[in-house]
Structures are given as C-alpha cells and as structure tokens.
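The structure under discussion appears below in the form of structure tokens.
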Amino acid sequence: MKKEVPIWEKYTITIEEASAYFEIGQKKLREIIANHTDSGLTVMNGSKVLIKRKAFENFLTTIDVI
C-alpha cells in the first residue's frame, strides 16, 4: 500500500502539484523555471521537471510580481 505524502511535506513537487499549491498557472511556472535555470529551484528526474518546494517558496518571498 502506497502512502500518500502531503504536498507541504514533500521535498520536490511536480508542475501540477506546484500549480495547485502555489496557485500559479502551469504555464507561468514553466516560464519562471525557464528564466531561472541556474537558481537551484528544480531538479530533473529523467525528462521530468520537479520543483524543490522550499527553494521555490523562498524564491517567491524575494519577488513582488510574478
């Protein structure tokens, strides 16, 4: 039986999960990631992009406009 981990406890989250959690559209999230490739906000799992939840939270606290 697979245990479901709440989003707020996960280290990495998918674009879809991040969109729901941060209330930011998936297209905008992909744009932010593309514009900040060297910022350490993401990790790749094969071809799948995973967002480092805490790093992205910290990033959002430093900006005023998305």
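Note that this is a predicted model, so its numbers are computed, not measured.
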Self-check item: Closest heavy-atom pair and its distance - A55, G40
Solution: CB-O, 3.9 Å

Quiz item: Taking atom CZ of F56 and atom CG of L29, what is their separation to the nearest 0.5 Å?
Solution: 5.0 Å

Quiz item: Which heavy atom in F22 sits nearest to a heavy atom in E57, and how many Å separate them?
Solution: CE2-CG, 3.5 Å

Exercise. To the nearest 0.5 Å, tell me how far I51 CD1 sits from I32 CD1.
Key: 8.5 Å

Self-check item: Gap between atom CG of N35 and atom CZ of R30 - 0.5 Å precision
Solution: 14.0 Å

Quiz item: Are more than 12 heavy atoms from other residues, nucleotides or ligands located less than 6.0 Å from atom CD of E9?
Solution: yes

Quiz item: Under 3.5 Å, side chain of T12 to main-chain N/O of K52, donor-acceptor pair present?
Solution: no

Quiz item: Between I15 and I33, is any pair of side-chain heavy atoms under 4.5 Å apart?
Solution: yes

Exercise. Evaluate the side-chain proximity of V49 to V43: yes if any heavy-atom separation is below 4.5 Å, no if none is.
Key: no

Exercise. Consider only side-chain N and O atoms of Y21 and E16, and report whether a donor and an acceptor are under 3.5 Å apart.
Key: no

Quiz prompt | hydrophobic_cluster_shared for I7 and Y11, side chain cutoff 4.5 Å | solution = no

Quiz prompt | Side chains of I13 and L50 in contact at under 4.5 Å (non-hydrogen atoms) | solution = no

Practice problem: Look only at the side chain of T37 and the backbone of A34, and say whether a donor-acceptor pair between them is shorter than 3.5 Å. | Solution: no

Quiz item: Salt bridge or not for E17 and K10, using N-O below 4.0 Å?
Solution: yes

Quiz prompt | 4.5 Å side-chain heavy-atom contact, H36 and F59 | solution = yes

Self-check item: Under-4.0 Å salt bridge between K27 and E31
Solution: no

Exercise. Kindly write out the residues that satisfy side-chain hydrogen bond (donor to acceptor under 3.5 Å, both in side chains) with K54, not counting sequence neighbours, or none if the list is empty.
Key: none

